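See structure below.
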Amino acid sequence: MNQTNYHSHCTYCDGRADMATFARWARAKGFSAYGFSSHAPLPFPTAWTMEWDRMDDYLAELNRLKRRYEGAVELYAALEIDYLNDEWNPASEWFQALSLDYRIGSVHLLYDAKGNVVDGDLPAPKFAKMVLQHFQGDIEAVVKQYFDRANRMLQLGGFQILGHADKVHYNAEWYSPHIVEQQWYVDMVQAHLAEAVRQGYFIEINTKAYDDLGVFYPDKHYFSFLHALGARVVVNSDAHYPDRIESGRTSALQALSRAGFSHVAELHNGKWSDVPIAPFVSVLL
Ligand SMILES: [Zn+2]
Ligand SMILES: [Zn+2]
């Protein structure tokens, strides 16, 4: 029944419950597969990323829970790795050396003109303040940098799932209404998604904000475009709270069905395959 999630956080990074609690919820909610993808360490401390000295414990705890839940829920070990720069990104050798089932590549960070690393993944009011403070209000420059960095991440590789593509759209639209309808913006999103599909990445349909904001990342406006490209999509909740592990899931499957998708990609028994979207979802259309 497509009850899977491969993007989630726990107290090893900024998730709000420990790994064992999330595993328990995944089983209680009938998940067949559930992947942990803590925010990978950055070369400086943050409030939301894992520290390197916890990596061994992270992987050991995952292995313990994999055994504990064998036959009940397939648990997977992953990381959500930031593209920081050409040295520190999903392809970096220290991430490639880790024993993981898959990797998610995401962009959260930007650089301002002074070379400061700036968090670009913020609630809308804070995002607006950041654009004014660090980019003199130039929202176009922020959006363009976001996509330039995401495109560079695609080139460098080292990951399988493109995390929350075009996540900037909600904040950009909040800052500058109708910006996402402008042709240059649409062209940029489409070029990015087309390149990701061409290179064989799975495109995540991130449902984290759906219950609160009514949006997916990428926006559902692009679902039929993705379908026409032949994209393989993975529906992920990016949950930070146990009671949110399936939020937005059914709505995303419905929206994908409407856009022409008949399958989603799922990882089972260590192998990715295209699994039909369950009929009950289509009935609800
Ligand atoms: Zn993320
Ligand atoms: Zn995440």
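Worth saying up front: this structure is predicted, and the values here are computed from it rather than measured. Just follow the structure's listing: the first ligand is 1, and inside any ligand the first atom is 1.
- Hydrophobic cluster membership for V275: none, as no Ile, Leu, Val, Met, Phe, Trp or Tyr side chain comes under 4.5 Å of it.
- The backbone N or O of A77 lies less than 3.5 Å from a partner atom in the side chain of D101, making a donor-acceptor pair.
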Give the intermediate values and the outcome of salt bridge (charged side-chain N to carboxylate O under 4.0 Å, His left out) for residues E70 and R67. CA-CA 5 Å; E70 206 173 342; R67 287 192 298 274; over 6 Å; no
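- A search for ring pair (Phe, Tyr, Trp, His ring centres under 6.0 Å) contacts involving F261 returns H227, not counting sequence neighbours.
- Defined by atom type and a distance below 3.5 Å, a donor-acceptor pair is present between the side-chain atoms of D112 and H134.
- Take K126 and apply the salt bridge (charged side-chain N to carboxylate O under 4.0 Å, His left out) test, not counting sequence neighbours, and it matches no residue.
- Distances shorter than 2.8 Å separate the Zn ion (ligand 2) from the protein N/O/S atoms H7 NE2, H9 NE2, E80 OE1, D238 OD1.
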